[in-house]
Amino acid sequence: MKKEDNFSEWYNEIVELANLTDKRYPIKGMNVWTPYGWKIMLHIDSYIRKEFDATGHDEVCFPLLIPETEFQKEKDHIKGFDTEVYWVTQAGANPLDIRLLLRPTSETAMYPIFALWVRSHTDLPLKTYQIVNTFRYETKMTRAFIRVREIHFFESHTCHVDEADAQRQVEENFAILEKVMKPLCLPYLLLKRTDWDKFPGAYYTVGIDTNLPDGRSLQLGSIHHYRENFSRPFDIKYEDLQGDLKYVHQTTFGMSERLVGAIVGVHGDDKGLVLPPEVAPYQIVIVPILAKGIVEEVTLQAREVKDELATAGLRIKLDDRDVRPGSKFYDWEIKGVPLRLEIGSRDIKQGVVTYARRDSGEKGTVKRTDLVRKVTDILRSISDDLNEKANKNLADSIETIENLDTLPNKIVRFGWCGSEDCGHEFENRTELKLLGTPYVKESFRGDCIICGADTDTAAYAAKAM
RNA sequence: GGGGCUGUGGGGUAACUUGGCUAUCCUUGUAGCUUCGGGAGCUAUAGAUUCCGGUUCAAAUCCGGGCAGCCCCA
């Protein structure tokens, strides 16, 4: 299956063949996490936990069900979500007096409790996060990891004494994001969403977008500054040094299982998945090359190599299935294992192990005595190369345009005066989604692509996945 | 919200128009033997007509409904 020719079909086929997910669960958009896919997700979660714990966030876990009365407190928020929430209207045989909804995100579950937790300025900043499943009734076509109705979701929620401290949190989130994305080898753009596209209830929203091979953008997450938009309706107040009651300023940061979809889409090739070593369930697979008379010897060597690498902390699989080596090669290539080691009589005679890199296809040998050091080097090199390749790929997929005559099949960058009218007209005429303007200001000088007004602001747009 | 289409072993399918014999083929699973440096061969074996109801001597096939999925339009 060719990735470039038909990305959509390629994607569906690869997640199926690599056994990342089981789509046969009989509810649309609710798929089963297979052991292999779930291991990848858990590795991603572990990087998220590591970075948020390191910056003083505490992991919490709030209930799945939210009373309708809490959900309705913030007006924009409910307007943004009410067409896509699942409702629980009955318990046993009895209709509920107050309907309950399955969280589409947890603001309205957490903030009534935050109001109880926060009493004084000494309680701030309150920095929490949780990794839970959320539910959104998607009406568009669903797609494994990318558009699902039950979403494996990360969300941080913080409360601060004032807008400046909340802004500091937003900046910290960008630093965290950079650290989390490095091992996933995913490049991204930070684009401040337009006012009409920001998160329901937010003061502003920064979208985290990456690119897919067919010129589409894929949103990987978002970082929001809420100001007092939620603390007022949820009455989250603290007493400051002067004894005055003040509303907290809040931020959130959300990401989801889409990160798995992005890894598939960004790194995969015609042979299947290509997993970054840091998230791969198995970083190395050993394929013993058996032959009559040397079965014991090769098997023994393979086990020794396995133990040695496992002791060094590497995740390793010894494939001792009774099938031909070639068949194993194809299997593990589809599954994206970063490095394959082969051990046969030839290798044993020469005191080496043969390796093959999944990302580049490069093959070679390493000395048996040097094994751990060399293998570690190769894995690091694979990670570096994947990062570099993906970065270049994102840079190449952005094109600055001066008019709408011929639109490239890419993420486009263009002058925008910032007015809502021009923004809407751009979207209507191009059928692209206006993703927003760079969070970190880029130097730009040009004309608004719609009204022609002089502007120093570049906007980005793309077909959104 | 409106309209159209589909449902056959784990996956992909044939038979459906015009009802009829043991439901086809590929793949996968299991067991054994021979194999093993890029998808092995042979043998044996397992596995399906979405659910409920109707028509009929007879239903995968025709009719009604449920459930699930896909597509198009708004």
Side-chain angles (χ1 to χ4, degrees), chain A residues 1-2 6 8-37 79 82-87 135 137-150 269-274 284-303 305 317-368 371 424 427-428 431 465:
Chain A
M1 175 62 72
K2 289 270 187 279
N6 189 338
S8 186
E9 270 180 38
W10 172 89
Y11 181 90
N12 288 340
E13 191 172 311
I14 291 305
V15 296
E16 181 101 37
L17 286 173
N19 200 221
L20 290 185
T21 183
D22 198 324
K23 292 185 281 197
R24 290 170 298 183
Y25 194 78
I27 299 178
K28 179 186 172 76
M30 297 195 185
N31 302 327
V32 176
W33 286 95
T34 59
Y36 197 70
K79 235 186 286 167
D82 68 351
T83 59
E84 55 181 77
V85 294
Y86 284 92
W87 289 102
F135 294 81
Y137 182 76
E138 288 287 351
T139 53
K140 286 190 193 153
M141 214 222 301
T142 57
R143 182 185 294 281
F145 308 119
I146 289 178
R147 181 172 286 119
V148 288
R149 289 176 170 180
E150 178 171 355
D269 63 21
D270 293 351
K271 292 179 179 171
L273 292 185
V274 177
I284 302 162
V285 60
I286 302 174
V287 178
I289 311 296
L290 304 171
K292 211 171 191 170
I294 58 156
V295 173
E296 282 81 8
E297 195 186 356
V298 171
T299 305
L300 188 69
Q301 277 288 323
R303 289 206 181 119
V305 167
K317 173 84 178 175
L318 171 57
D319 188 352
D320 53 6
R321 290 177 299 161
D322 184 20
V323 293
R324 310 269 292 221
S327 178
K328 296 179 183 177
F329 296 168
Y330 282 98
D331 285 353
W332 295 109
E333 278 167 4
I334 290 169
K335 285 177 135 21
V337 175
L339 186 63
R340 179 178 79 231
L341 299 179
E342 301 169 26
I343 300 172
S345 60
R346 234 158 48 199
D347 304 290
I348 292 174
K349 246 177 250 154
Q350 296 168 14
V352 299
V353 174
T354 299
Y355 72 85
R357 281 175 60 152
R358 175 63 182 87
D359 63 325
S360 60
E362 177 197 313
K363 287 179 90 161
T365 57
V366 296
K367 285 212 190 77
R368 181 70 177 74
L371 188 68
H424 284 312
E427 289 191 318
N428 289 335
E431 293 187 322
M465 191 71 186

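Protein chains get the first letters and strands the later ones, always in sequence-line order, with residue 1 at the start of each. Just the heavy atoms: all of them, side chains too, but no hydrogens, waters or symmetry mates, feed the values below.
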Euclidean distance, atom [atom1] of residue [X] to atom [atom2] of [N] [Å, nearest integer]:
X        : N     : atom1 : atom2 : result
A:Arg340 : B:G38 : CZ    : P     : 9 Å
A:Ile334 : B:G11 : CD1   : P     : 18 Å
A:Arg321 : B:U35 : CZ    : C1'   : 16 Å
A:Asp322 : B:G32 : CG    : P     : 9 Å
A:Asp347 : B:C36 : CG    : P     : 16 Å
A:Ile348 : B:G37 : CD1   : P     : 15 Å
A:Leu290 : B:G37 : CG    : P     : 10 Å
A:Glu16  : B:G11 : CD    : P     : 9 Å

Looking across every strand, which nucleic acid part, if any, lies under 4.0 Å from [X] by heavy atom: base, sugar-phosphate, or nothing?
X        : answer
A:Lys363 : base
A:Val287 : nothing
A:Arg24  : sugar-phosphate

Distance check: side-chain N/O of [X] vs OP1/OP2 of [N], anything under 4.0 Å?
X        : N     : value
A:Lys292 : B:U35 : yes
A:Arg324 : B:A40 : yes
A:Lys28  : B:C70 : yes

Query raised in the report: Where do A:Lys335 and A:Asn19 land on the side-chain contact (heavy atoms from CB on, under 4.5 Å) test, with the steps shown first?
Result: CA-CA 8 Å; A:Lys335 285 177 135 21; A:Asn19 200 221; 3.6 Å; yes
**Report entry** Is_stacked (A:Phe329, B:G38) at 5.5 Å, 30 deg
**Finding:**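 Answer is no, no stack.
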May I ask which nucleotide in the shown strands pairs with [N], Watson-Crick or G-U wobble, both distances under 3.5 Å?
N     : result
B:G53 : B:C63
B:G19 : none
B:C70 : B:G4
B:A40 : B:U34
B:A48 : none
B:C25 : B:G12

[N] to [M] separation - [atom1] atoms, rounded to the nearest Å:
N     : M     : atom1 : value
B:G47 : B:G54 : P     : 29 Å
B:G38 : B:C42 : C1'   : 22 Å
B:U56 : B:U61 : C1'   : 13 Å
B:G12 : B:U28 : P     : 15 Å
B:G4  : B:U8  : C1'   : 23 Å
B:U55 : B:C70 : P     : 34 Å
B:C21 : B:A60 : P     : 9 Å
B:U18 : B:C25 : P     : 27 Å

Requested in this report: Answer whether the closest heavy-atom distance between the side chains of A:Pro288 and A:Leu318 falls below 4.5 Å.
Outcome: yes
Query raised in the report: Looking at B:C70, B:G38, B:U34, which one has an atom nearest to any side-chain atom of A:Glu333?
Result: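 Out of B:C70, B:G38, B:U34, the nucleotide with an atom closest to A:Glu333's side chain is B:G38.
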Query raised in the report: Do A:Ser327 and B:G38 have a side chain to base donor-acceptor pair shorter than 3.5 Å?
Result: no
Query raised in the report: Got a salt bridge between A:Lys271 and A:Asp269, using NZ or NE/NH1/NH2 to carboxylate O under 4.0 Å?
Result: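 Result for this pair is no, no salt bridge flagged.
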Query raised in the report: Between A:Trp87 and A:Phe135, is the gap from one ring center to the other below 6.0 Å?
Result: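 Judged by ring-centre distance (under 6.0 Å), A:Trp87 and A:Phe135 do not meet the cut-off.
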Report task. Only one of A:Ile286, A:Val285, A:Val287 passes side-chain contact (heavy atoms from CB on, under 4.5 Å) with A:Lys328; say which it is. Result ->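 Output: one option passes, namely A:Val287.
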**Report entry** Donor-acceptor contact present, side-chain A:Thr365 to main-chain A:Val352, <3.5 Å
**Finding:**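 Not a single qualifying donor-acceptor pair exists.
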Report task. Anything under 30° is parallel, anything over 60° is perpendicular, the rest tilted; go ahead and classify A:Tyr86 against A:Tyr137. Result -> perpendicular
Requested in this report: Select from A:Val323 and A:Thr142 the residue whose nearest nucleotide in RNA chain B is closer to the 5' end of that strand.
Outcome: A:Val323
